[in-house]
S.K.: 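After the structure tokens below, expect a handful of questions from me.
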Amino acid sequence: MPAFPVSSYRMKLPSLDFRLLCILIVISHGYGSYVRPPPRSTLSVPLDTKSSSDPQQVHVSLSGSNRMRISWMTSDDTVRSIVKYGTSSGKYTSSSEGEKTNYRYLLYKSANVHHVVIGPLAAGTLYYYTCGGSGPEFSFKTPPAQLPIAFAVAGDLGQTGWTKSTLEHVQQMNYDVLLLPGDLSYADDNQPLWDSFGRLVEPLASSRPWMVTQGNHEVEKIPILVSTPFKAYNARWKMSYQESGSPSNLFYSFEVAGAHILMLGSYTDFGTDSDQYKWLQAPDSMAYCSDPCTLV
């Protein structure tokens, strides 16, 4: 299945005092119909050749005000969950420690998944960092403190020729944050595909924050054999749900540069008795803006 078209939306509003951001009306004139392009072949992602202690599948995400979560994997159990960082290459003036986890899925056992929150960080600033105390240096740029901000939006990535085309388009954009509304790796129970996906997106996901949510391909529930859904997704792609007062990694909110973004879960319960619905309806819910902001 081809990936969704990538869009980059730059918010340039002179004021936040408004009720309606925009209305998009699409009119079909009936002169033709959309023809889905044929599928492209599955990508052959290079195998991991790094040292067992070196970070792999590195990606970053926003984690509350002026902070970033660094996530990566290692197969060496002795590697510490530590990130050293600074604003000059090779000079790391700060460090933070975090947590690590792993999971089992049938006969598969994942490598260690590390999550470390760093900060406070300055807005619109390039930071250099290392993960676990060894391996290569990475860098990311923090989003701006206020509007305008540029979002890149892409869904249904998978690991095909369409994915390659989509990532190439994203790479050409001068974006601040990527929003991925579900269907990441298309692993669909084949857990090593989560690993190849992590290696595939690392060049982009390690340099700008990727904020993701789940789709049907993340459920990975097998009757009798695997009763807990979203095991791989929740372990590998931890988002800022705790920072937004959400009880689940499957739905959360975050604020960046004056914009407030809701990331909801369409494949977890959303009925009136669900945790997701109660979180949205709570009088003091952090699902909504605490200060004047743009709701996206």
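Below, each value reflects all heavy atoms present in this structure, side chains not excepted, and no hydrogens, waters or symmetry copies.
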S.K.: Should L157 and D183 be marked as a side-chain contact (heavy atoms from CB on, under 4.5 Å) after you check the CA-CA gap, both sets of side-chain angles, and the distance that decides it?
M.R.: CA-CA 6 Å; L157 278 183; D183 296 340; over 6 Å; no

S.K.: Backbone N or O of Y252 within a donor-acceptor pair of the S244 side chain at under 3.5 Å?
M.R.: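 Pair absent, no side-chain N/O of S244 close to backbone of Y252.
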
S.K.: Minimum heavy-atom separation for G265 and Q276, please, with both atom names.
M.R.: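 Here G265 and Q276 meet closest at N-OE1, 2.8 Å.
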
S.K.: Could you state whether W237 and L193 fall into the same hydrophobic cluster, counting links through intermediate Ile, Leu, Val, Met, Phe, Trp or Tyr residues with side-chain heavy atoms under 4.5 angstrom apart?
M.R.: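 The answer is no; the residues belong to distinct hydrophobic clusters.
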
S.K.: Strictly distance-based, threshold 3.5 Å: is any side-chain N or O of D156 a donor or acceptor partner for the main-chain N or O of L184?
M.R.: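 Absent.
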
S.K.: Are the side chains of D176 and P144 in touch, meaning some heavy atoms are under 4.5 Å apart?
M.R.: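 They are in side-chain contact.
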
S.K.: For side-chain contact (heavy atoms from CB on, under 4.5 Å), just list the numbers for L180 and T213, CA-CA rounded to whole Å, side-chain angles, deciding distance to a tenth of an Å, and then say yes or no.
M.R.: CA-CA 6 Å; L180 204 171; T213 189; over 6 Å; no

S.K.: State plainly whether the residues D189 and K221 are in salt-bridge range, i.e. N to O under 4.0 Å.
M.R.: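 No, no charged N to carboxylate O under 4.0 Å.
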
S.K.: Which distance, rounded to the nearest 0.5 Å, do you find between the CG of D54 and the CE of M73?
M.R.: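 Reported to 0.5 Å precision, the distance equals 14.5 Å.
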
S.K.: With distance as the sole test, does S240 use its side chain to make a donor-acceptor pair with the main-chain N or O of F254 at under 3.5 Å?
M.R.: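 No; judged by distance alone, with no hydrogens or angles, the pair does not exist.
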
S.K.: Can a salt bridge be assigned to the pair E243 and R69 using a cut-off of 4.0 Å between side-chain N and carboxylate O?
M.R.: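 Looking at E243 and R69, the cut-off is met.
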
S.K.: Could you tell me if the side chain of Y103 sits less than 4.5 Å from the side chain of Q191, heavy atoms only?
M.R.: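 A side-chain contact under 4.5 Å exists here.
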
S.K.: Quick check on the hydrophobic clustering: are Y267 and I222 connected, directly or via other members, by side-chain heavy-atom contacts under 4.5 Å?
M.R.: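 Per the 4.5 Å side-chain linkage, Y267 and I222 are co-clustered.
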
S.K.: Distance check, rounded to the nearest 0.5 Å: L204 atom CG versus E168 atom CD?
M.R.: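 So the CG of L204 and the CD of E168 are separated by 10.0 Å.
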
S.K.: Could you give me the CA-CA distance, side-chain angles and deciding distance for E99 and K238, then say whether salt bridge (charged side-chain N to carboxylate O under 4.0 Å, His left out) is met?
M.R.: CA-CA 11 Å; E99 61 185 11; K238 185 176 182 181; 2.7 Å; yes

S.K.: For R80, look at atom CZ and say whether over 12 heavy atoms of other residues, nucleotides or ligands are found less than 6.0 Å away.
M.R.: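 Not buried by this count: 12 neighbours or fewer within 6.0 Å.
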
S.K.: Can you tell if the side chain of D77 reaches within under 4.5 Å of the side chain of N112, non-hydrogen atoms only?
M.R.: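 When only atoms from C-beta onward are counted, N112 and D77 do touch, with a gap below 4.5 Å.
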
S.K.: Can you tell me how far NZ of K278 sits from CG of D269, rounded to the nearest 0.5 angstrom?
M.R.: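 Separation between the atoms: 9.5 Å.
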
S.K.: Keeping S274 on the side-chain end and G271 on the backbone end, is there a donor-acceptor pair under 3.5 Å?
M.R.: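 Here the side-chain-to-backbone pair exists.
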
S.K.: Consider only side-chain heavy atoms of I, L, V, M, F, W and Y, link residues closer than 4.5 Å, and tell whether V212 and L178 are in one cluster.
M.R.: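 Yes, V212 and L178 fall within the same hydrophobic cluster.
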
S.K.: Would you tell me whether S53 and S51 have side-chain atoms, one donor and one acceptor, within less than 3.5 Å of each other?
M.R.: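 Yes, side-chain donor-acceptor contact under 3.5 Å.
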
S.K.: Using the benzene-type ring in the case of Trp, are the ring centres of Y277 and F270 under 6.0 Å apart?
M.R.: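 That pair fails the under 6.0 Å test.
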
S.K.: As an exercise, state the distance from OG of S63 to NE2 of H115, rounded to the nearest 0.5 Å.
M.R.: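 Nearest 0.5 Å value for the OG-NE2 distance: 11.0 Å.
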
S.K.: Check L62 against P143 and note the closest heavy-atom contact, atom names and distance.
M.R.: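 Closest pair (atom of L62, atom of P143, distance): CD2-CG, 3.9 Å.
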
S.K.: Are S248 and D275 side-chain neighbours, meaning at least one heavy-atom pair lies under 4.5 Å?
M.R.: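 No - every pair of side-chain heavy atoms lies 4.5 Å or more apart.
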
S.K.: Looking only at side chains, do Q214 and T268 share a donor and an acceptor under 3.5 Å apart?
M.R.: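 T268 and Q214 do not have a side-chain donor-acceptor pair below 3.5 Å.
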
S.K.: At what distance, to the nearest 0.5 angstrom, does CH2 of W162 lie from CG of L167?
M.R.: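 Spacing of CH2 (W162) from CG (L167) equals 13.5 Å.
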
S.K.: List the atom of V60, the atom of M68, and the distance in Å for their closest heavy-atom pair.
M.R.: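 Looking at all heavy atoms of both residues, the closest pair is CB-CG, 4.0 Å.
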
S.K.: Would you say the side-chain atoms of Y92 and E137 include a donor-acceptor pair closer than 3.5 Å?
M.R.: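 A donor-acceptor contact under 3.5 Å links the two side chains.
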
S.K.: If every non-hydrogen atom of A145 is compared with every non-hydrogen atom of A123, which pair is closest and at what distance?
M.R.: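 In terms of heavy atoms, the two residues are closest at N-CB, 3.5 Å.
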
S.K.: Is K231 salt-bridged to E220, cutoff N-O under 4.0 Å?
M.R.: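 Looking at E220 together with K231, the answer is no, because their closest N to O distance does not fall below 4.0 Å.
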
S.K.: Is there a chain of hydrophobic side chains (I, L, V, M, F, W, Y, each step under 4.5 Å between heavy atoms) that links V117 to Y128?
M.R.: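 V117 and Y128: separate clusters.
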
S.K.: Is the Y241 to F251 ring centre distance short of 6.0 Å?
M.R.: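 That pair fails the under 6.0 Å test.
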
S.K.: For residues V177 and L264: do they belong to one hydrophobic cluster (side chain heavy atoms under 4.5 Å, members Ile, Leu, Val, Met, Phe, Trp, Tyr)?
M.R.: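 Same hydrophobic cluster.
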
S.K.: Flag the pair Y127 / F140 as yes when their ring centroid distance falls below 6.0 Å, and as no otherwise.
M.R.: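 Yes - the distance between ring centres of Y127 and F140 falls below the 6.0 Å cut-off.
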
S.K.: Quick one: are I261 and F151 in side-chain contact, heavy atoms under 4.5 Å?
M.R.: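 They are in contact (side-chain heavy atoms under 4.5 Å apart), so the answer is yes.
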
S.K.: Is there a side-chain contact between L225 and L106 in this structure, where contact means two heavy atoms from C-beta onward sitting under 4.5 Å apart?
M.R.: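 Heavy-atom side-chain distance check passes, below 4.5 Å.
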
S.K.: Donor-acceptor pair, distance only, cut-off 3.5 Å: does the side chain of Q172 make one with the backbone of H169?
M.R.: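 No, Q172 side chain to H169 backbone: no donor-acceptor pair under 3.5 Å.
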
S.K.: With no hydrogens and no angle check, just 3.5 Å: does a side-chain donor-acceptor pair link Q159 and S185?
M.R.: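 No, because no side-chain N or O of Q159 sits under 3.5 Å from a partner of the opposite role on S185.
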
S.K.: Between H59 and W210, is the ring centroid distance below 6.0 Å?
M.R.: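 H59 vs W210: aromatic centres not under 6.0 Å.
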
S.K.: Donor-acceptor pair, distance only, cut-off 3.5 Å: does the side chain of Y85 make one with the backbone of G119?
M.R.: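 Such a contact is found between Y85 side chain and G119 backbone.
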
S.K.: Quick check: closest heavy atoms across W279 and S253, and the distance to 0.1 Å?
M.R.: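 Nearest pair, atom of W279 first, then S253: CH2-N, 3.8 Å.
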
S.K.: Are any non-hydrogen side-chain atoms of M239 and N234 less than 4.5 angstrom apart?
M.R.: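 No, their side chains stay 4.5 Å or more apart.
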
S.K.: How close do H114 and T74 get, heavy atom to heavy atom, and via which atoms?
M.R.: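 Closest approach of H114 to T74, heavy atoms only: NE2-OG1, 2.8 Å.
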
S.K.: For side-chain contact (heavy atoms from CB on, under 4.5 Å), just list the numbers for S71 and V58, CA-CA rounded to whole Å, side-chain angles, deciding distance to a tenth of an Å, and then say yes or no.
M.R.: CA-CA 6 Å; S71 302; V58 181; over 6 Å; no

S.K.: In terms of heavy-atom contacts, does NZ of K100 have more than 12 from other residues, nucleotides or ligands at under 6.0 Å?
M.R.: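 Yes, NZ of K100 has more than 12 neighbouring heavy atoms, counting only those of other groups under 6.0 Å.
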
S.K.: Determine, step by step, whether V116 and W72 satisfy the side-chain contact (heavy atoms from CB on, under 4.5 Å) criterion, reporting the C-alpha distance in whole Å, the side-chain angles of both residues, the deciding distance to 0.1 Å, and the verdict.
M.R.: CA-CA 9 Å; V116 177; W72 75 96; 3.7 Å; yes

S.K.: Taking side chain as C-beta onward, heavy atoms only, is F138 less than 4.5 Å from V83?
M.R.: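 In short, these two side chains do not touch, never coming nearer than 4.5 Å.
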
S.K.: At what distance, to the nearest 0.5 angstrom, does OG of S110 lie from CD of Q57?
M.R.: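 One gets 9.5 Å once the value is rounded to the nearest 0.5 Å.
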
